[in-house]
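For reference, the structure is listed below as C-alpha cells.
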Amino acid sequence: MRAGEEATHQVLGRLRFLLQCSECFRRARPLPAALCYVPREVQYKICKDPSAAASSRSLLSVWDGPGPARGSKRATIEVRKGGCLRATGEEYRNSAGLWVKLRKEHLEEHGVCRELEEGWVLAQRFGDGGDKLVPVERIQQQQQTFGTDYKPAASWEQVVDLMYSMQLGEKPVPVEPDEAVVQKLRSMPPNWSYEQDMELGRFLYDVTERDEHCKDCVKDHLNGIEVSSQLDDFKVSHLTDNQGDTYWESSGSPGQHWVRLHMKKGSVIKKLWLMLNANINSYVPRRVAVYGGPANRLQHLRTVLINDRSSLLHPLLLQPWNSYQDVCILRDMKTHVPVLEIRILECREQGYNVRLRGIKFKSFWERDLNLNADMFQMAQLVRYPLLEGVDTDVLYRRAVVIQRFTQLLDSVLGYLIPISDESDSTFSVLRGMKPFLQLCKLSKTLVTHCLQSSESSPPCMLPKLLINRQLAREHRAHPELDPSGRNTVFTQVYENLKPSKTNNHLLNYRWPQTHSQWWECVFTTEGIIDNGGGFRDCLTDISEELCPSSGDVPVPLPFFVRTSNQGNSSSDTRDMYVPNPSCKDFPKYEWIGQLMGAALRSKEILVLALPSLVWKQLSGEEVIWSKDFAAVDVELVKLLQMLEEVDREAFNFMFGKELTYTTVRSDQRVVELIPKGSSTVVRFEDRKEFIRLVQKARLEESKEQWVRGLPR
C-alpha cells in the first residue's frame with residue numbers, strides 16, 4: 001500500500017498505533033492485541049491446480065503437527081468440489097508450505113477420530129503446484145446507522161484501522177478472535193529483550209539482502225521464451241545471451257508485439273527489466289503492459305510509461321528512457337505466475353517495430369520468499385548470537401509480528417520524512433522504529449529521495465591542491481614533534497579548502513553520486529598527474545592519519561584515540577577508535593563529518609574504524625551500554641556488571657575504601673563524577689548510583705565532538 005492511498009483518519013490512526021507498538025518493542029512489553037489479531041475461524045474453499053487432471057475430489061492429509069518434521073500423519077479428509085473446510089485462523093509456514101490448524105469440532109465434521117484434539121492440513125504447497133485452500137470472504141454484513149452495510153473486520157489490518165482510526169457512526173464488528181493464538185503472539189518470550197528484536201530484524205534484513213544480491217536468475221527460473229515475431233538476424237535468443245551488441249527485433253504490426261516468459265514452477269518474480277536498444281529512437285518502447293497468469297487466463301498486472309522523466313517514489317509508474325539503461329517494469333510479485341507476457345503497446349515517434357537488447361529479472365523460489373519457520377535453523381543463526389538457543393517457533397512468531405509491524409510502517413512511511421533539513425520533528429517519531437526501517441520496501445527509495453532532495457550541484461572546476469606527502473610521512477614517523485599535525489595530508493588538504501581571502505568557494509560535499517572526484521591533487525616532487533587515483537590516495541592517507549590500521553604506530557592526529565579494547569587481547573573489537581574528549585578543534589571535526597557524508601553519498605571510501613557507539617550517537621539511535629560500550633571498553637562493562645551483583649562482604653573485600661567517585665576516560669584522563677569525587681568513597685549501598693554515573697560519564701565523554709562537530 002503506497003502513501004497517498006489511505007484516508008487521512010486512517011493514516012493518523014496507523015501512526016498512533018505504530019508509536020504504541022514501537023514503545024512496546026523498546027520496553028519489552030506485550031504488543032497491542034490488534035497487531036496480533038487472528039480470527040477464531042476461517043472458511044476455506046478448494047482452488048484446483050489448473051495443470052492437474054480434473055477431479056471432483058480433493059483429499060487432504062491431517063497431521064498432528066505442521067509437516068513430517070513436526071508430527072505424523074493421522075487421518076485423511078475429503079473436500080468435495082464446491083464444498084468448504086472450516087479451520088482456525090492460525091497459520092504456520094515452513095519449507096513445505098502454508099499450514100492451517102483444525103480444532104476437534106472441525107475434524108469431527110469430516111469423521112476424524114475423536115481422540116485427535118487438533119490437526120494441521122497443508123493449505124498451500126510451495127513450488128510444486130497442487131490444489132490450494134483459499135479463504136472464503138464472509139458474506140455476513142453488519143447494518144450501520146447511516147444505512148451502509150459493512151463486512152465484519154476479519155484481518156489484522158482491518159482490526160488496527162477499526163480500533164485506532166476515528167470514524168463517524170457505528171463501527172464494523174471484528175470477527176471473534178482466537179484469544180489463545182493472540183496471546184501467544186502478544187506475550188514476550190522468556191527473557192526476551194529489545195536487543196533481540198533488533199538482532200532478529202537484522203537477520204530478516206540479511207536474508208532479504210542475500211537474495212537481492214544474487215545474480216541474474218534467467219537460467220535457473222526460466223523454462224522458455226516466445227516472441228510475437230522476429231527477424232532472421234535478430235532472433236529471440238538474443239534476449240537472453242547477455243551480449244550488449246545484440247538485440248531482438250520484431251517484425252509485425254504496431255501494437256501487436258509481445259514477449260512471453262514461461263516460468264518454472266515455484267519461481268516468483270521480484271524485479272523484471274527490459275534492456276533497451278537506443279541506436280534508433282523509434283525502436284524504443286514508450287508504453288508497455290505486463291500480463292500474468294496461466295497461459296489461457298492472463299490478467300493485467302501493470303502498465304508502464306517509459307518517459308523522459310522519472311518518478312522516484314513510484315518507480316513502476318514512470319521510468320526514464322533517455323539514459324537507455326535497464327527499465328524495471330515489474331517488481332515484488334507475491335506468488336508464482338506461470339506465464340508473464342510483456343506487450344509493447346506503443347513505440348516512441350510512432351515507431352513500427354521494437355528492439356530489445358534483452359530481458360533480465362530477479363526471482364526466488366516461493367519457499368524462500370515467504371517467512372517460514374525453517375529459516376531459523378541453528379546453522380543460519382551462527383552470526384546472530386542473541387538468537388542462538390532460542391526456540392524456532394518463538395523466533396518464527398516474533399518474526400511474524402515484526403513483519404506485520406513493518407508492513408503497516410511501509411503504508412505510512414511516506415508521511416514521516418522530514419520536509420526540510422532544518423525540521424526533523426516528523427522524522428523523530430521514527431526513532432523507536434529504526435531497527436525495522438531496513439525491512440520496509442520503501443526505505444531505500446526514501447533514503448535515495450532524501451539524499452537527492454538535499455543534493456547540490458558539483459563545482460564547475462575541481463580545486464587543485466598542492467600536497468607534500470614527504471612531509472606527511474616524516475610527521476607520521478614522529479608525531480610527537482608537532483602535536484598540531486600541520487604537515488599531515490589531512491591538514492594540508494583542510495588548509496587548502498577552507499575559506500580564505502584567496503578561496504571564496506566553500507565546498508558543501510552534498511554532491512550527486514556521479515561526482516566521483518572532489519579535488520585534484522598535485523603531489524610535490526612526485527610528478528603524478530591526478531586523474532582520480534591521486535585523489536583516492538589522498539583519501540587513503542587521510543584515513544590512515546585519523547585512524548591508523550596498525551595498532552603498533554602512533555596516531556598522527558589528535559581527533560580520535562584508541563579504545564581501551566586495543567590493549568585488551570580478549571576483545572574482538574580491538575581496532576576501534578572514538579573521538580578524543582580532549583580535542584576541541586570543532587571546525588576540523590565538522591570537516592571530518594562532511595567528508596564522511598560525502599563518502600556515504602558517493603562510491604568513495606573513507607575508512608574510519610568507529611564502533612557502533614559512535615554511529616548510534618551520530619544517527620540518534622538508542623545506545624545500549626552492555627552491547628555498544630563493550631566495543632569500547634569491555635572490561636569496564638564486565639566490572640560494573642560484577643559490581644552490581646556483588647554482595648556486601650565481597651564488595652568490602654575487593655574495594656574497601658579505594659573506590660572513589662572517579663572514572664578514566666578514553667583519553668586516559670581521570671574525571672570526577674561528583675564534586676570532590678576523588679576524595680569521596682563509594683559505599684556498598686550507593687554502588688548502583690556510582691554505576692549510573694560512570695555509565696553516563698563514559699557514554700557522554702565525546703558528546704561535544706559528535707554534537708558540535710561530526711554531524712554538521
Side-chain angles (χ1 to χ4, degrees), residues 195 483 547 551 554-555 557-586 589 608-618 620-711:
E195 293 83 3
C547 301
V555 182
L557 289 167
F559 305 108
F560 296 94
V561 293
R562 291 187 169 98
T563 63
S564 300
N565 284 347
Q566 290 212 23
N568 175 21
S569 60
S570 66
S571 171
D572 59 356
T573 54
R574 295 192 297 271
D575 58 344
M576 298 295 180
Y577 292 78
V578 292
N580 185 353
S582 301
C583 184
K584 307 298 182 180
D585 196 346
F586 299 117
Y589 273 116
L608 298 179
L610 306 179
S612 61
L613 171 70
V614 176
W615 293 114
K616 285 188 173 183
Q617 289 172 330
L618 288 174
E621 290 189 36
E622 183 177 5
V623 173
I624 301 166
W625 168 264
S626 60
K627 179 179 180 182
D628 297 316
F629 202 80
V632 176
D633 191 344
V634 67
E635 294 301 324
L636 178 61
V637 172
K638 292 178 180 178
L639 175 64
L640 294 185
Q641 182 179 356
M642 181 271 295
L643 182 61
E644 185 176 13
E645 298 171 353
V646 74
D647 58 26
R648 183 184 294 272
E649 182 179 354
F651 177 87
N652 292 331
F653 175 78
M654 288 186 291
F655 301 106
K657 296 184 178 181
E658 296 180 359
L659 185 63
T660 59
Y661 282 89
T662 58
T663 189
V664 181
R665 301 189 309 188
S666 295
D667 58 359
Q668 302 307 307
R669 294 194 178 188
V670 178
V671 294
E672 294 184 332
L673 302 175
I674 60 174
K676 299 182 180 181
S678 58
S679 58
T680 305
V681 176
V682 179
R683 299 180 301 176
F684 172 77
E685 53 269 21
D686 299 329
R687 71 191 190 284
K688 291 188 178 181
E689 175 63 12
F690 170 76
I691 292 171
R692 185 190 68 80
L693 292 172
V694 172
Q695 291 177 346
K696 183 176 185 297
R698 294 305 307 273
L699 289 174
E700 297 180 357
E701 65 182 14
S702 302
K703 185 175 181 178
E704 278 189 305
Q705 286 70 28
W706 55 261
V707 168
R708 295 179 58 182
L710 291 175

- Query: Can you find a pair of side-chain heavy atoms, one from Leu643 and one from Ile691, that are under 4.5 Å apart?
  - Reply: yes
- Check step by step if side-chain contact (heavy atoms from CB on, under 4.5 Å) holds for Ser626 and Gln641. CA-CA 9 Å; Ser626 60; Gln641 182 179 356; over 6 Å; no
- Message: Would the distance check show the side chain of Asn580 and the main-chain N or O of Val561 forming a donor-acceptor pair, the cut-off being under 3.5 Å?
- Response: no
- Are more than 12 heavy atoms from other residues, nucleotides or ligands located less than 6.0 Å from atom CD of Glu658? no
- Item | Phe559 backbone acceptor or donor facing Tyr589 side chain under 3.5 Å | yes
- Query: Atom CH2 of Trp615 and atom CH2 of Trp706: how far apart are they, to the nearest 0.5 Å?
  - Reply: 14.0 Å
- Geometric class of the Phe629/Trp625 ring pair [parallel <30°, tilted 30-60°, perpendicular >60°]: parallel
- Is a donor on one side and an acceptor on the other found under 3.5 Å between the side chain of Asp686 and the backbone of Val682? no
- Task: Find out whether Pro579 and Val614 are in side-chain contact, i.e. whether some heavy atom of one side chain is under 4.5 Å from a heavy atom of the other.
- Result: yes
- Message: Does Lys584, at its NZ atom, have more than 12 non-hydrogen atoms belonging to other residues, nucleotides or ligands within less than 6.0 Å?
- Response: yes
- Task: Looking only at non-hydrogen atoms, find the nearest pair between Val664 and Arg698 and report the distance.
- Result: O-NH1, 3.0 Å
- Query: Could you state the interatomic distance from OG (Ser679) to OH (Tyr661), rounded to the nearest 0.5 Å?
  - Reply: 12.0 Å
- Task: Just do the side-chain contact (heavy atoms from CB on, under 4.5 Å) check on Lys696 and Glu700 with the steps written out, would you?
- Result: CA-CA 6 Å; Lys696 183 176 185 297; Glu700 297 180 357; 3.2 Å; yes
- Query: Under the 3.5 angstrom rule, does the side chain of Arg687 hit a backbone N or O of Glu644 as a donor-acceptor pair?
  - Reply: yes
- Could you grab the distance from atom CG of Leu659 to atom OG1 of Thr680, nearest 0.5 Å is fine? 11.5 Å
- Note on the structure: One should read off an interatomic distance between Asn652 CG and Phe684 CZ, to the nearest 0.5 angstrom, of 8.0 Å
- Closest approach of Pro611 to Ala631 (non-hydrogen atoms, all atoms of both residues): CB-CB, 3.9 Å
- Message: Looking at every non-hydrogen atom in both residues, tell me the closest pair between Pro581 and Arg665 and how far apart they are.
- Response: CB-CZ, 3.7 Å
- Where the side chain of Asp633 meets the backbone of Leu636, is there a donor-acceptor pair that is under 3.5 Å apart? yes
- Message: If you apply the rule side-chain contact (heavy atoms from CB on, under 4.5 Å), what do you find for Leu610 with Val578, and how did you get there?
- Response: CA-CA 6 Å; Leu610 306 179; Val578 292; over 6 Å; no
- Task: Of all the heavy-atom pairs spanning Arg669 and Ser582, show the shortest one and how long it is.
- Result: NE-OG, 3.4 Å
- Could you grab the distance from atom CE of Met576 to atom OG of Ser666, nearest 0.5 Å is fine? 13.5 Å
- Message: So that I can tick it off, tell me whether Lys676 and Glu672 are bridged by a salt bridge, with the cut-off set at under 4.0 angstrom between side-chain N and carboxylate O.
- Response: no
- Between CZ of Arg574 and OG of Ser564, what distance do you get to the nearest 0.5 Å? 14.0 Å
- Tell me, please, which residues at least two apart from Asp575 pass salt bridge (charged side-chain N to carboxylate O under 4.0 Å, His left out). none
- Note on the structure: Sorted by chain and residue number, the salt bridge (charged side-chain N to carboxylate O under 4.0 Å, His left out) partners of Lys616 (sequence neighbours excluded) come out as Asp628
- Between the side chain of Thr662 and the main-chain N/O of Ser678, is any donor-acceptor distance below 3.5 Å? no
- Message: Has Gln617 got a side-chain atom pairing as donor or acceptor with Val707's backbone, closer than 3.5 angstrom?
- Response: no
- For residues Gly551 and Gln566, report the shortest heavy-atom separation together with the two atoms involved. CA-OE1, 4.3 Å
- Message: Please determine whether side-chain contact (heavy atoms from CB on, under 4.5 Å) holds for the pair Tyr577 and Leu608, giving the CA-CA distance in whole Å, both sets of side-chain angles, and the decisive distance to 0.1 Å.
- Response: CA-CA 8 Å; Tyr577 292 78; Leu608 298 179; over 6 Å; no
